Amino acid sequence: MTIVGTLIVEGPPRSLTTLARTVTITVDGATKGRVKAGKRLTLALAPGTHSVRAQDGPPLPVRLGPGLITRVRVERDAAGRTHLTEIDPG
């Protein structure tokens, strides 16, 4: 039996400018899905460090532990560029 880690990607906060947009999520260079504003994408991945990217934003290194959940959120900077931030589990 293989124990996986879970990555939850939260879409950007809901607003009039982001409501209809979908954001492509890639993990280690492979497209894993899309997430809309106010929605979540849940991925089961092998434990270890992965490079996660939203759209064409910078990659975020994320460490997944076996059987644990790691959460990241899609955000946009003032110029409208997409990036990911890890959410503190605490």
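Because the structure is a prediction, the values reported are computed rather than measured. Just so it is clear, the values below take in all heavy atoms, side chains as well, and ignore hydrogens, waters and symmetry mates.
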Which heavy-atom pair separates [X] from [Y] by the least distance, and what is that distance?
X   : Y   : result
P47 : G65 : CB-C, 4.3 Å
R76 : H83 : C-CE1, 3.9 Å
A37 : P13 : CB-O, 4.0 Å
P61 : P59 : CD-O, 3.9 Å

Residues joined to L43 in its hydrophobic cluster, side chain to side chain under 4.5 Å directly or through other members, sorted by chain and number, are L7, V9, V23, I25, V27, V35, L41, L45, V52, L60, V62, L64, V72, V74, L84

Got a second to check how far [X]'s [atom1] is from [Y]'s [atom2], nearest 0.5 Å?
X   : Y   : atom1 : atom2 : answer
R71 : T6  : CZ    : OG1   : 11.5 Å
T49 : R63 : OG1   : CZ    : 4.5 Å
R53 : T24 : CZ    : OG1   : 12.0 Å

Tell me whether the count of non-hydrogen atoms from other residues, nucleotides or ligands lying under 6.0 Å of CG in D77 goes above 12.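 Above 12, so yes.
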
